[in-house]
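We're numbering straight along the sequence, starting at 1. Every heavy atom of this structure was used, including side-chain atoms; hydrogens, water molecules and symmetry mates were not. From a predicted model like this one, the values you see are computed outputs, not experimental measurements. Counting starts at 1 for both ligands and their atoms, in listed order.
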Amino acid sequence: MAFIEAVRESAIGRRARSDRFPALPYPDLAYTPEVAEATRHLYERVRNVVPAVEWPVFAPYIKAINDLKAVRNAVVLAHNYQTPEIFHCVADIVGDSLQLAQEAARADAEVIVQCGVHFMAETSKILCPDKVVLIPDSEAGCSLAASITGEDVRRLRDSYPGVPIVAYVNTTADVKAEVDICCTSSNAVQVVESLGAPRVIMLPDRYLAKWVASQTKVEIVSWHGACEVHERFTAEELEAYRAADPSIRIIAHPECPPDVIAVADFTGSTAKMIDWVKQKRPPKVLLVTECSMADNVASETPEVSFVRPCNLCPHMKRIQLPKILDSLVYMREEVMIDPAVAARARRSVERMVNLKS
Ligand code: 13P
Ligand code: SF4
């Protein structure tokens, strides 16, 4: 394995790779009648949220990306926070962090294009070391992943000997390599309880850790990280929405501060929030999370009215159709992880993925 990675990194490896994946001619991006016809069914999926005037700009990229996926034997994974033209029109697999990790492990394509942030692409590479994993913009980071290093985890381990450490998937491969197991917001309580320990360190999100602590008897030791998107919501703003319309349903992501979660009718991962809306179909709902997700759900639940306090994740929004097209044309930007780190990180991610639900 180390040898294969070393060869890949060498001049011979790069040549072998470019023989396997030669750069393709850049597609023509005119909005022709052929493009309009080929993408008509896709526009139907997003017509509630994408104005007709924008479609001639999106449609040529969407057609080119979908054509090139077949040429490259590629699969596009998109997180629930991607914009609707990506989420509904070019993605093969959509979901929360856990679903994307599980699907990456199952994908039989040669190439994975990860439309999400860097830690998500790294998770795919950790689970699929032999696939080419591309991220359309490698600057798509995450305030949580940036809040802690592998060295920090080693220090925590020294300070709390014998206490198991759980890392949220919103961490780098270096951090995943140092911990006992990973979790996502959809399985965090289950992961913590699976360890059978009276005390567990949960990093790096202090709010997720607080929420988990409220759901379990296990004592939780946390780190000081926070999501720059979810920490901006306040209980006061949500109470103002409720005062304006007491029938409104408020559902929140567990990365929100505790006083925000206290106002919510339901708390769960992005996938659980989507399922909640699709099952309950309330007349009016406020999703306390990144705001593209409301567009993605709105396009499938036209009878639900969404109140949108728009907090965007600037990292997720770096992923755009032209960059996805560039990924497939030029096979960039490829995610690489030191094989020794990846092998240790894989243990933590696989231990989570293999937990029985
Ligand atoms: P989910 O796992 O709930 O999709 O959350 C990922 C994330 O980054 C939320 O901000
Ligand atoms: Fe990270 Fe927050 Fe953006 Fe999710 S929404 S990727 S946690 S910064």
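- A donor-acceptor pair under 3.5 Å links the side-chain atoms of K131 to the main chain of A107, judged by distance alone.
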**Request:** Start with the C-alpha gap between T83 and E85, add the side-chain angles, then the distance that decides, and say whether side-chain hydrogen bond (donor to acceptor under 3.5 Å, both in side chains) holds.
**Result:** CA-CA 6 Å; T83 45; E85 72 283 2; 2.9 Å; yes
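- For the pair R281 (side chain) and K278 (backbone), a donor-acceptor distance under 3.5 Å is present.
- At distances below 3.5 Å, at least one donor-acceptor pair connects side-chain atoms of N354 with backbone N or O atoms of E350.
- Protein N/O/S atoms closer than 2.8 Å to atom 3 (Fe) of ligand 2, listed by chain and residue number, are C313 SG.
- Each of the following atoms of ligand 2 lies closer than 4.0 Å to a heavy atom of N170: 7 (S).
- Between M273 atom CE and M293 atom CE the span is 4.5 Å, to the nearest 0.5 Å.
- Put simply, the side chain of R45 gets close to the backbone of H88: a donor and an acceptor are under 3.5 Å apart.
- Around ligand 1 you find H79, Y81, D96, S97, Y168, N170, S185, H230, H253, E255, S269, T270, each with a heavy-atom distance below 4.0 Å.
- The two atoms that bring F266 and K272 nearest to each other are CE2-O, 3.7 Å, heavy atoms only.
- Between C227 and C142, the gamma sulfurs sit at a distance of 2.5 angstrom or greater.
- With hydrogens and angles disregarded, a donor-acceptor distance shorter than 3.5 Å links the side chain of E290 to the backbone of C313.
- Residues N80 and T270 have side chains that bring a donor and an acceptor to within less than 3.5 angstrom of each other.
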